[in-house]
Amino acid sequence: MTGTPVRTLLLWCPDWPVLAAEIVDGVPATGAVAVLHANRVVACSASARAAGVRRGLRRREAQGRCPSLTVVEHDPGRDARAFEPVVATVEEVVAGVEVVRPGVCALAARGPARYLGGEEAAAERIVEHVAQSCAVESQIGIADGVFAAGLAARTGQVVPPGGTPGFLAGLPVEAIGRPALADLLRRLGVRTLGDFAALPAGDVLARFGFDGALAHRLAAGRDHRPLAVRQPPVDLTVAAHHDEPLDRVDAAAFAARVLAERLHDRLAGYGLACTRLGIEAVTAHGQELHRVWRHDGLLTAAAIADRVRWQLDGWLSGSTGRAGARPPRPTAGIIRLRLVPDGLLTRGGLQPGLWGEVGEERDRAHRALSRVQGILGPEAVVTAVLGGGRSPADQTRLVPWGDERLPTRPGPPPPPGVPADPPVGGSPVVPPVGGRSVVPPVGGPSAVPPMGGPVPVGQGRGGAGKRRGSSVPPWPGRLPPPSPAVVLPAPLTASVHDAAGEPVLVSARLAVSAAPARLVVDGAAPTEIVGWAGPWPVDERWWAPAEARRRARFQVCLADGAALLLAVEAGRWLVEAIYD
């Protein structure tokens with residue numbers, strides 16, 4: 001804990017959650033507005049306070065006092081995002097700003113007071129600059145320590161140096177900001193911060209614990225920590241303005257290489273490297289173009305130049321292409337080009353592999369796929385990511401080439417010999433969804449076990465559990481290996497009939513009305529079923545009626561040698577996947 005508090009200048013924006021709702025969501029702060037968290041008011045506008053709304057009221061009571069009250073849910077992220085421009089505006093005048101919380105920031109008063117002509121002049125300059133730049137009203141308090149400066153900002157006071165204990169002494173104990181402690185102190189007869197500060201520190205620690213001892217120090221005007229000033233982020237972006245619009249690919253490629261080298265040198269000067277690159281361009285007609293590139297390794301100067309050149313090639317040579325896949329060419333040349341590095345990390349954060357860099361063939365494939373993305377867009381090249389799920393369609397997610405290969409749901413580890421993720425740079429070859437395929441054996445239900453082993457009946461219910469000692473859910477009811485070779489993006493409708501031509505039905509207790517004999521897929525000619533296995537039930541999300549899904553799966557082998565994965569749901573037969 002510090003000894004002498006630092007002379008502190010604190011800027012406070014009253015009712016900041018209400019102002020943030022106006023800035024971000026457009027809720028007018030001049031009306032009756034209340035911000036609620038856990039069904040209680042945490043902030044309200046001046047109009048709402050005039051109608052009797054106070055902090056701590058429940059929603060119903062607040063609306064009873066002010067029927068025209070506009071209720072907004074508390075969003076700390078919204079408050080922080082809206083406050084960032086205010087902090088940046090303050091940093092235009094002074095340096096070394098600490099964000100206490102959204103709506104409140106503090107800084108040491110000594111520096112601004114020296115070069116702005118005194119503490120009061122510095123306060124006036126900051127308040128005026130914030131009002132002009134951000135259209136936000138604020139108040140400033142100056143005192144010894146952040147806590148006292150915060151209380152002084154409520155009334156816009158400048159507490160003289162050394163006068164902080166006297167300023168705090170007359171304030172009620174509720175100003176300490178700990179309702180439970182303040183209530184207890186009042187019942188003990190301690191009504192002001194001066195009375196609380198007069199108590200022996202050892203007795204306070206023994207009676208109220210560490211938090212009470214900390215509040216005791218604040219009541220006496222002694223802060224428990226120094227200011228933690230934030231460092232303004234370094235602007236690493238590079239931009240180039242061109243008097244003559246760039247409308248040819250070769251001229252744009254030359255400009256791209258120069259700009260890429262500037263960006264790489266700037267990052268290297270700070271010991272940084274980027275894994276994502278934002279490319280922004282503005283045409284002579286004001287059209288704005290933007291694209292983000294991602295790379296799993298370090299983006300070198302050559303790699304940055306290649307991506308910028310590919311992107312400019314895609315923009316400047318754009319056309320309708322095949323079925324309109326390529327975007328149209330801009331109506332004018334590019335006059336401004338800007339590179340924005342993202343995904344920054346220290347240059348030692350990514351190291352080459354143990355046996356060197358990736359092979360030349362894979363590097364060529366990666367460059368080719370990246371160039372296709374630059375011409376056709378990121379969604380034109382996708383790779384499959386395997387994850388958790390009970391059906392083959394649930395276990396696969398397609399992501400754009402170069403993006404992080406993270407499954408939407410956790411799944412079991414890959415089988416031995418299959419890498420969990422491709423090496424750095426991505427894999428140019430994507431295996432069929434589900435891995436290897438095996439033709440199922442032929443026979444009746446008594447002779448054909450489920451492919452890869454039986455699935456216990458009813459294991460779909462309660463599938464959210466986890467194995468003991470494992471962070472990966474087991475997905476009971478999951479289709480066992482071998483996996484299908486082809487997973488249909490949309491299941492095909494089918495009908496299954498028995499030997500007599502009657503539809504095959506599956507009861508709620510999984511009783512099959514008759515042995516499947518013929519299959520008709522999407523209105524095609526019927527095909528004889530020579531072997532089948534099932535049914536295996538899956539009962540998912542039964543606790544959420546709107547999302548509940550109950551179905552039974554079958555594996556069938558047809559006379560023409562095809563093997564299919566069928567599912568019956570609500571009396572409808574569907575073809576979900578195809579085995580080799």
Side-chain angles (χ1 to χ4, degrees), residues 9-92 97-107 123 126-141 146-147 149-156 171-172 174-183 228 230 233 544 546-547:
L9 184 151
L10 185 139
L11 180 138
W12 171 59
C13 300
D15 306 327
W16 181 253
V18 177
L19 292 178
E22 180 182 41
I23 295 172
V24 178
D25 299 332
V27 179
T30 55
V33 181
V35 180
L36 272 68
H37 176 64
N39 210 38
R40 289 187 179 273
V41 178
V42 295
C44 58
S45 63
S47 300
R49 282 194 296 272
V53 180
R54 296 292 183 270
R55 293 180 58 185
L57 291 181
R58 292 186 178 276
R59 178 197 295 261
R60 181 170 298 181
E61 185 177 356
Q63 291 176 332
R65 296 187 181 186
C66 181
S68 61
L69 185 68
T70 301
V71 175
V72 180
E73 289 298 325
H74 181 50
D75 185 355
R78 176 186 61 205
D79 298 348
R81 291 193 302 272
F83 192 58
E84 179 61 25
V86 177
V87 179
T89 301
V90 175
E91 288 177 336
E92 293 176 359
V97 179
E98 173 191 355
V99 179
V100 180
R101 64 177 182 275
V104 179
C105 61
L107 59 136
I126 294 173
V127 169
E128 180 181 2
H129 190 59
V130 170
Q132 292 178 351
S133 302
C134 303
V136 171
E137 295 184 0
S138 59
Q139 296 180 190
I140 283 184
V146 177
F147 174 70
L151 296 178
R154 304 286 173 151
T155 55
L171 298 178
E174 286 77 11
I176 203 68
R178 293 164 171 79
L181 178 61
D183 180 68
R230 79 169 195 166
E547 305 174 11

Worksheet entry | Within 6.0 Å of CD in Glu92, more than 12 heavy atoms from elsewhere |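 Enclosed.
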
Any heavy-atom pair between the side chains of [Y] and [X] that's under 4.5 Å?
{"X": "Thr89", "Y": "His129", "result": "yes"}
{"X": "Phe147", "Y": "Ile176", "result": "yes"}
{"X": "Asp75", "Y": "Val24", "result": "no"}

Using every non-hydrogen atom in the two residues, find where [X] and [Y] come nearest and quote the distance to one decimal.
{"X": "Ser138", "Y": "Val127", "result": "O-CG1, 3.8 Å"}
{"X": "Cys44", "Y": "Val53", "result": "SG-O, 3.8 Å"}
{"X": "Val136", "Y": "Val130", "result": "O-CG1, 3.7 Å"}

Nearest 0.5 angstrom please: [X] [atom1] to [Y] [atom2], how far?
{"X": "Leu57", "Y": "Leu69", "atom1": "CG", "atom2": "CG", "result": "10.0 Å"}
{"X": "Ile23", "Y": "Cys134", "atom1": "CD1", "atom2": "SG", "result": "8.0 Å"}
{"X": "His74", "Y": "Leu36", "atom1": "NE2", "atom2": "CG", "result": "10.5 Å"}
{"X": "Cys66", "Y": "Glu61", "atom1": "SG", "atom2": "CD", "result": "13.0 Å"}
{"X": "Asp183", "Y": "Glu174", "atom1": "CG", "atom2": "CD", "result": "8.5 Å"}

Fill in: Sequence-distant partners of Arg154, salt bridge (Lys or Arg N to Asp or Glu O under 4.0 Å), two or more places apart
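Not a single residue meets the salt bridge (Lys or Arg N to Asp or Glu O under 4.0 Å) criterion with Arg154.
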
Worksheet item: Donor-acceptor pair, Gln139 side chain versus Ala153 backbone, under 3.5 Å?
Response: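 Between the backbone of Ala153 and the side chain of Gln139 there is a qualifying donor-acceptor contact (under 3.5 Å).
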
Worksheet item: Tell me the side-chain hydrogen bond (donor to acceptor under 3.5 Å, both in side chains) pairs involving residues 28-45, sequence neighbours left out?
Response: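 The answer is Asn39-Arg59.
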
Worksheet item: Can you list every pair that meets side-chain hydrogen bond (donor to acceptor under 3.5 Å, both in side chains) and has a residue in residues 14-27, with sequence neighbours left out?
Response: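 Sorted pair list: Asp15-Arg49, Asp25-Arg78.
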
